[in-house]
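These notes concern the structure reproduced below.
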Amino acid sequence: ADTMLHKNDSYNEIKYYAAIFAYNAEMYDEAMVMLQEMRSSNYKKKDVVYQLIADIYQRRGDMVNYENTLAEGAAAMPSSQYLVGSLINLYIERKEVDKAINYLNIAIQNNPTPQLYNVLGTVYKNKAENIETLNQALTYFMKAVEMDPNFAFAQYNVGDTYYTLGILIEEEIMSIKNPVLIEQKR
């Protein structure tokens, strides 16, 4: 049937919905064949094509192809919240902080939201190697609150980060034995 149809928008729509049907019927091999063909086309719903391919790889436990598909899709469509967001979540789960930060910065460039700044702050806070890293986290939390003053999670994170900073500063002060240096630190 494919050879008889003129390959236009209708052809791509039919192929897309056939792939969706196969995916929903858990006929993943059949869905994958159609989706892989559409991956290299100029089909308008290409981000969904990448999502479905990635999901099939994830369901099969093929995390290498899952990550590669997300990365390829995110590179082709950096404004796709699903593809970039899934890649960020994957890197956060794996504790690949630098990769997560890189994709968070890409996501923020394409669509700066308080939620993305809050996640970036959280990644820095979890990385918290020192006071400087915590201050970076605080900067991102404050940006999230600035964008949305009613964003309760970001407000909480601001307060919690100040608390953590206070503990680190106190520990640093307590480690100093010279009273003159203690006064200078305060």
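All values derive from a computational prediction rather than experimental measurement. Numbering starts at 1 and runs along the sequence shown.
To the nearest 0.5 Å, atoms CD1 (Ile108) and NZ (Lys143) are separated by 9.5 Å. Separating the CD1 atom in Ile101 from the CD1 atom in Ile106 is a distance of 12.5 Å, to the nearest 0.5 Å. Atoms CG and OH, from Leu120 and Tyr140 in turn, are 5.0 Å apart once rounded to the nearest 0.5 Å. Here the CE-OH distance, from Met34 to Tyr17, works out to 14.0 Å after rounding to the nearest 0.5 Å. Atom CE of Met142 sits about 11.0 Å away from atom CG of Asn135, to the nearest 0.5 Å. The OG1 atom of Thr164 sits 7.0 Å away from atom CG of Leu168, with the distance rounded to the nearest 0.5 Å.
Connection of Tyr16 to Val33 is not established within any shared hydrophobic cluster, with ILVMFWY side chains joined at heavy-atom distances below 4.5 Å, either directly or through further cluster members. Phe153 and Tyr156 fall into different hydrophobic clusters, where Ile, Leu, Val, Met, Phe, Trp and Tyr are joined by side-chain heavy atoms under 4.5 Å apart, directly or via other members. Both Tyr162 and Leu134 are members of a single hydrophobic cluster when ILVMFWY side chains are connected at heavy-atom separations under 4.5 Å.
The two residues Leu70 and Ala54 have their closest heavy-atom pair at CD2-CB, 3.8 Å. The heavy-atom pair separating Val84 from Met77 by the smallest distance is CG2-O, 4.5 Å. Scanning both residues, Ala74 and Leu87, for their nearest heavy atoms gives CB-CD2, 4.2 Å. Residues Gly121 and Ala137 share a closest heavy-atom pair of O-CB, 3.3 Å. Listed here is the closest heavy atom pair of Ala107 and Ile88: CB-CD1, 4.3 Å.
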Problem - side chain to side chain contact (heavy atoms under 4.5 Å, CB included) between Thr122 and Phe141, worked out - result: CA-CA 8 Å; Thr122 302; Phe141 293 140; 3.6 Å; yes
Exercise for the section: Begin with the C-alpha distance, continue with both residues' side-chain angles, and end with the deciding distance and a verdict on side chain to side chain contact (heavy atoms under 4.5 Å, CB included) for Arg39 and Thr69. Expected result: CA-CA 10 Å; Arg39 179 187 208 170; Thr69 301; 3.5 Å; yes
Exercise for the section: Check step by step if side chain to side chain contact (heavy atoms under 4.5 Å, CB included) holds for Gln115 and Phe151. Expected result: CA-CA 9 Å; Gln115 291 78 13; Phe151 189 14; 4.1 Å; yes
Problem - Residue pair Tyr82, Asp47: steps toward the side chain to side chain contact (heavy atoms under 4.5 Å, CB included) verdict - result: CA-CA 8 Å; Tyr82 176 86; Asp47 61 327; over 6 Å; no
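Salt bridge absent: Glu26 and Arg59 never bring a charged side-chain N and a carboxylate O closer than 4.0 Å. In this structure, Asp55 does not pair ionically with Arg60, as no charged nitrogen and carboxylate oxygen lie closer than 4.0 Å.
Other residues sharing a hydrophobic cluster with Tyr163 under the 4.5 Å side-chain heavy-atom criterion for ILVMFWY residues are Ile167.
Taking 4.5 Å as the limit, some side-chain heavy atom of Ile20 sits within range of a side-chain heavy atom of Leu52. Side-chain contact between Ile56 and Leu35: present, with at least one pair of heavy atoms (C-beta onward) separated by less than 4.5 Å. In this structure, Met174 and Glu171 have side chains that are not in contact, with every pair of non-hydrogen atoms separated by 4.5 Å or more. Side-chain atoms of Leu104 and Tyr117, non-hydrogen and from C-beta on, never get closer than 4.5 Å to each other. Counting heavy atoms from C-beta on, the side chains of Ile92 and Val119 come closer than 4.5 Å. Two residues are said to be in side-chain contact when any heavy atoms from C-beta on lie closer than 4.5 Å; Val97 and Tyr124 fail this criterion. Counting heavy atoms from C-beta outward, Met63 and Leu90 have side chains that approach closer than 4.5 Å.
In the model, Ser86 has no side-chain atom that pairs as donor or acceptor with a side-chain atom of Asn89 under 3.5 Å. Looking only at atom types and distance, the side chain of Tyr57 has no donor-acceptor partner in the side chain of Glu67 under 3.5 Å away. In summary, the side chains of Asp160 and Asn157 do not present any donor paired with an acceptor at a separation below 3.5 Å, with no hydrogens or angles considered.
Residue pairs meeting the side chain to side chain donor-acceptor pair (under 3.5 Å) criterion with at least one partner in residues 97-113, sequence neighbours excluded, are Glu96-Lys99.
Partners of Val145 according to the side-chain contact (heavy atoms from CB on, under 4.5 Å) rule, which considers only residues two or more places apart in sequence or in another chain, are Ala154, Gln155, Val158.
If you run side chain to side chain contact (heavy atoms under 4.5 Å, CB included) between Lys45 and each of Gln51, Met38, Glu13, only Glu13 comes through.
Around the CD atom of Gln36, the shell of radius 6.0 Å holds more than 12 heavy atoms that belong to other residues, nucleotides or ligands.
Aromatic ring centroids of Tyr23 and Tyr28 lie under 6.0 Å apart.
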